[in-house]
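Heads up: the structure comes next, in structure tokens.
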Amino acid sequence: MECVIYQEQTGECEHIDCGEADGGCQVALDRLAVLKPDEFAWIRVAEPRQEELQRLGEYLKLHPLAVEDAVQAHQRPKQERYGDVLALAVKTLWFVEQTADVETGEVMIFLGPSFALTVRHGANDPTEEAARRLAEQPHMAQLGPVSVLHVVTDVIVDAYAQAAAQVRTDLTELEQCVFSPARDDLTEQIYL
């Protein structure tokens, strides 16, 4: 778990040490309890345990069904509103060069008045790049928690375009082999 507190006006950020003791959850909750009106928190969780997300969900007043969806993963892309909390499920994907596979994952994004919570499932972590982009553009923090939604979805969509380009390159190479005079047996490659 990672937790960063952003100051909306300046974009300055404070990284909260969410060590392994108590899952790091209590440290984050203690800091969230004293958020100032011009601050918001971004909590990043990867492959969470039920208890960890349940505890966060209770504190952030997340709907129990939304917490269940975030823990279990394998959701269809969707957007739901639970009171003043917006919940989004977004599919991630990336191209694996060695196998020419396109693998998928999922990010659940919860936006509340003073927080953004991202819950990631899958090997690829778009929130790392999103955090870097937000740090490079501190003026975006003026948007509050919506800035997290913007940078995370931007990174995910960029990855879609990158994976599509890589698949297109592989297909072009395969097409050239199929129509080459060599006439190698490419049945397995085509199937893959």
Side-chain angles (χ1 to χ4, degrees), residues 1-4 15 18 20 23-25 28 42-54 56-57 62-63 65-80 85-111 115-137 140 145-180 184-192:
M1 174 192 296
E2 295 179 46
C3 182
V4 179
H15 294 269
C18 298
E20 291 305 309
C25 193
W42 181 6
I43 305 146
R44 295 169 41 194
V45 183
E47 309 281 349
R49 297 183 319 270
Q50 175 74 34
E51 310 79 44
E52 177 183 29
L53 205 54
Q54 188 92 33
L56 267 173
L62 300 179
H63 193 280
L65 291 176
V67 171
E68 182 180 319
D69 285 351
V71 171
Q72 291 180 0
H74 305 295
Q75 300 298 309
R76 292 183 187 165
K78 63 181 177 178
Q79 173 246 311
E80 296 177 319
V85 175
L86 179 66
L88 292 101
V90 184
K91 290 292 184 190
T92 59
L93 57 88
W94 59 96
F95 185 80
V96 180
E97 188 71 40
Q98 297 83 353
T99 60
D101 289 337
V102 175
E103 295 188 358
T104 63
E106 179 179 317
V107 174
M108 292 283 299
I109 306 167
F110 297 93
L111 296 181
F115 72 89
L117 168 64
T118 53
V119 180
R120 175 183 60 84
H121 293 275
N124 195 20
D125 186 2
T127 65
E128 285 181 15
E129 173 63 15
R132 187 191 64 73
R133 289 184 189 183
L134 193 55
E136 286 180 352
Q137 304 172 49
M140 285 195 58
V146 173
S147 61
V148 173
L149 173 64
H150 175 84
V151 294
V152 171
T153 55
D154 191 45
V155 169
I156 290 170
V157 170
D158 287 351
Y160 289 175
Q162 186 178 36
Q166 289 171 308
V167 168
R168 189 176 307 110
T169 298
D170 273 12
L171 288 175
T172 300
E173 289 172 5
L174 185 58
E175 185 178 78
Q176 289 170 351
C177 290
V178 166
F179 294 111
S180 79
D184 295 329
D185 183 10
L186 302 171
T187 307
E188 186 176 344
Q189 256 186 298
I190 292 170
Y191 179 74
L192 290 174

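As the structure is a computational prediction, the values presented were derived from the model and not from experiment.
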- Message: So, using salt bridge (charged side-chain N to carboxylate O under 4.0 Å, His left out) as the criterion, who are the partners of Glu128 when residues are at least two apart?
- Response: none

- Output all residues satisfying side chain to side chain donor-acceptor pair (under 3.5 Å) with Gln75, sequence neighbours left out; order by chain, then residue number. Lys78

- Message: Run the side-chain contact (heavy atoms from CB on, under 4.5 Å) test against Glu136 and tell me which residues pass, sequence neighbours left out.
- Response: Arg132

- Message: Suppose we screen for side chain to side chain donor-acceptor pair (under 3.5 Å). Which residues come up paired with Glu97, at least two apart in sequence or across chains?
- Response: none

- Does Thr92 have any side chain to side chain donor-acceptor pair (under 3.5 Å) partners at least two apart in sequence or in another chain, and if so, which? none

Please tabulate, for side-chain N and O atoms in residues 156-168, each donor-acceptor pair with protein atoms closer than 3.5 Å (sequence neighbours left out).
residue: Asp158; atom: OD2; partner: Arg133; partner atom: NH1; Å: 3.1
residue: Asp158; atom: OD2; partner: Arg133; partner atom: NH2; Å: 3.0
residue: Tyr160; atom: OH; partner: Lys91; partner atom: O; Å: 2.4

- Message: Which residues pass the side-chain contact (heavy atoms from CB on, under 4.5 Å) test with His15, not counting sequence neighbours?
- Response: Val4, Cys13

- Query: Side chains of Thr118 and Arg44: donor-acceptor distance under 3.5 Å anywhere?
  - Reply: no

- Note on the structure: The ring-ring contact (aromatic ring centres under 6.0 Å, His included) partners of His150 (sequence neighbours excluded) come to none

- Task: Report the residues that fulfil side chain to side chain donor-acceptor pair (under 3.5 Å) with Gln50, sequence neighbours left out, ordered by chain and then residue number.
- Result: Gln54

- Message: List the residues meeting side-chain contact (heavy atoms from CB on, under 4.5 Å) with Thr104, not counting sequence neighbours, and say none if there are none.
- Response: Leu93

- Message: Between Phe95 and Thr169, is the side chain to side chain contact (heavy atoms under 4.5 Å, CB included) condition met? List the steps.
- Response: CA-CA 12 Å; Phe95 185 80; Thr169 298; over 6 Å; no

- Item | Any residue meeting side-chain contact (heavy atoms from CB on, under 4.5 Å) with Ala70, in chain and number order, not counting sequence neighbours | Leu53, Met108, Phe110, Val119

- Item | salt bridge (charged side-chain N to carboxylate O under 4.0 Å, His left out) pairs, two or more places apart, involving residues 169-179 | none

